[in-house]
Amino acid sequence: MQSPKITAESIRAMKGHARIAALTAYDYPFTRLLDEAGVPLILVGDSLGMVVLGHPDTTHVTMADMEHHTRAAARAHPRALLAADLPIHSYRTLEEAVANARRLMAVGAEAVKAEGGGAIAGQVRAIVAAGIPFLGHIGMLPQHVVEEGGYHVKGREAAEREALLADAYALVEAGAFAMVLELVAAPVARAITAAVPVPTIGIGSGPDCDGQILVINDLVGTFPWFTPRFVKPRLQAFAEMRTAIDDWRRSL
Ligand code: KIV
């Protein structure tokens, strides 16, 4: 018997019952691979700007990029929930947020993610009111990396800790079904996880979130030129591929 399709509601219901494993994928084969491996939440992240498109950060990613890759991932028809990122400058107003969320849903996304808490609560409410499941993202916001001057841990100061908790509550109140906590100090991530009724999915935020998300390339070594310090790769796929290619070339 085939297992039922995973929805935003199923992800929400995993809180307190099962740890949530989430990974990014940006195309058909990786989406199939992750789905066959039983990963329940797959994100077409705007991290594709770096690990697929070769940009220095996510601030160069466009809606056209996100549509192209979401369409490819969706062709795998995963059992997993397929979420896609709204890229920078695509959710500045309520109207723009809803229109662009609809564009991602039209090419196969089943939920959308955008970066921010209270500052984008209106956009989140509008997206949810349009019937589109919303995945939050607070903590370090990569779309702000240029203003922030790098990727820094959030929540080490009391004021930042309070702001993060307020952002988490704002997302819950606006209707997010889960939220990513990126580079949030581990004790703060633990406190947010205990405080909110929806799952927290950490990245570089310690072990106490309801789930963890990683960029697939970091986990399996298909972007070996940079690996975040909180990732322990399970495989060096490019190193093995390089050996295979060298062997073949020498065998000619
Ligand atoms: O863009 C992305 O891949 C992400 C995850 C790493 C959370 O936002």
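- There is a path of hydrophobic side-chain contacts, each under 4.5 Å, that joins V52 to V231.
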Verdict with reasoning, D218 to L214, per side chain to side chain contact (heavy atoms under 4.5 Å, CB included): CA-CA 7 Å; D218 297 336; L214 288 177; 5.6 Å; no
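- Looking at heavy atoms from C-beta onward, S47 lies in side-chain contact with Y26 at the 4.5 angstrom threshold.
- For H55, the ring-ring contact (aromatic ring centres under 6.0 Å, His included) partners are H60, not counting sequence neighbours.
- When every heavy atom of A83 is checked against every heavy atom of L135, the shortest pair comes out as CB-CD2, 4.4 Å.
- For the salt bridge (charged side-chain N to carboxylate O under 4.0 Å, His left out) criterion with D210, the lone passing option out of R19, K15, R12, R190 is K15.
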Criterion side chain to side chain contact (heavy atoms under 4.5 Å, CB included) on F226 and V51, from CA distance to verdict: CA-CA 9 Å; F226 173 77; V51 299; over 6 Å; no
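- Remark: of the listed residues V112, L104, N100, L104 is the sole one forming a side-chain contact (heavy atoms from CB on, under 4.5 Å) with M66.
- No donor-acceptor pair closer than 3.5 Å links the side chain of K154 to the backbone N or O of R161.
- Of the possible polar contacts, one joining the S205 side chain to the L183 backbone as a donor-acceptor pair under 3.5 Å is found.
- For the atom pair M50 CE and D57 CG, the distance stands at 6.5 Å (nearest 0.5 Å).
- For the pair Q123 (side chain) and A97 (backbone), a donor-acceptor distance under 3.5 Å is absent.
- The 12-atom threshold is not exceeded at CD of E157, counting heavy atoms of other residues, nucleotides or ligands nearer than 6.0 Å.
- Side-chain contact between M179 and V172 is present, with at least one heavy-atom pair separated by less than 4.5 Å.
- One hydrophobic cluster holds both I192 and V124 under the rule that ILVMFWY side chains link at heavy-atom gaps under 4.5 Å.
- Within a 6.0 Å sphere centred on CZ of R249, other residues, nucleotides and ligands contribute more than 12 heavy atoms.
- Follow the hydrophobic side-chain contacts under 4.5 Å out from V145 and you reach L53 in the same cluster.
- Atom CG of L81 sits about 9.0 Å away from atom CD1 of I42, to the nearest 0.5 Å.
- Linking ILVMFWY residues whenever their side-chain heavy atoms come closer than 4.5 Å, directly or via other members, places L171 and Y169 in the same cluster.
- Of the possible donor and acceptor atoms, none in the side chain of E115 sits under 3.5 Å from a partner among the backbone N and O of L86.
- Side-chain contact between D208 and T193 is absent, with no heavy atoms from C-beta onward closer than 4.5 Å.
- A heavy-atom distance below 4.5 Å is not found between the side chains of E67 and P87.
- Residue S90 holds its OG atom at 7.0 Å from CD of Q143, rounded to the nearest 0.5 Å.
- Looking at F238 and N217, their side chains never come closer than 4.5 Å, going by heavy atoms from C-beta outward.
- Contact of the L235 side chain with the E240 side chain is registered, since non-hydrogen atoms from C-beta on lie closer than 4.5 Å.
- No donor-acceptor distance shorter than 3.5 angstrom exists from the side chain of T24 to the backbone of L43, with no hydrogens or angles considered.
- Rounding to the nearest 0.5 Å gives a distance of 6.0 Å between CZ of F177 and CG of L41.
- No side-chain heavy atom of E110 sits less than 4.5 Å from a side-chain heavy atom of T7.
- Rounding to the nearest 0.5 Å places CE of M63 at 4.0 Å from CZ of R103.
- Open room surrounds CH2 on W248; 12 or fewer heavy atoms of other groups in view lie less than 6.0 Å from it.
- Shortest non-hydrogen contact noted between A195 and L165 is CB-CD2, 4.2 Å.
- Considering every non-hydrogen atom in both T222 and A237, the closest pair reads CG2-CB, 3.8 Å.
- In the model, T243 has no side-chain atom that pairs as donor or acceptor with a side-chain atom of D246 under 3.5 Å.
- Between R32 and E36, at least one side-chain N (NZ, or NE/NH1/NH2) sits under 4.0 Å from a carboxylate O, which counts as a salt bridge.
- Here the straight-line distance linking atom CG of L48 with atom CD1 of I216 works out to 14.5 Å at 0.5 Å rounding.
- A pairwise comparison of heavy atoms in V188 and G155 identifies CG2-O, 3.3 Å as the closest pair.
- Residues in residues 172-187 take part in these salt bridge (Lys or Arg N to Asp or Glu O under 4.0 Å) pairs, two or more places apart or across chains: R125-E173.
- Heavy atoms only, all atoms of each residue included: M140 and G150 are closest at CE-O, 3.5 Å.
- Under a 3.5 Å cut-off, the side chain of D27 and the backbone N or O of A72 do not form any donor-acceptor pair.
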Evaluation steps, side chain to side chain contact (heavy atoms under 4.5 Å, CB included), between V220 and R234: CA-CA 6 Å; V220 299; R234 300 293 172 116; 5.8 Å; no
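- Counting all heavy atoms, side chain and backbone alike, G118 lies closest to D167 at N-OD1, 2.8 Å.
- No continuous path of ILVMFWY side-chain contacts below 4.5 Å connects V39 to Y28, so the two sit in separate hydrophobic clusters.
- Between D85 and V44 the shortest side-chain heavy-atom distance does not fall below 4.5 Å.
- H68 NE2: 12 or fewer foreign heavy atoms inside a 6.0 Å radius.
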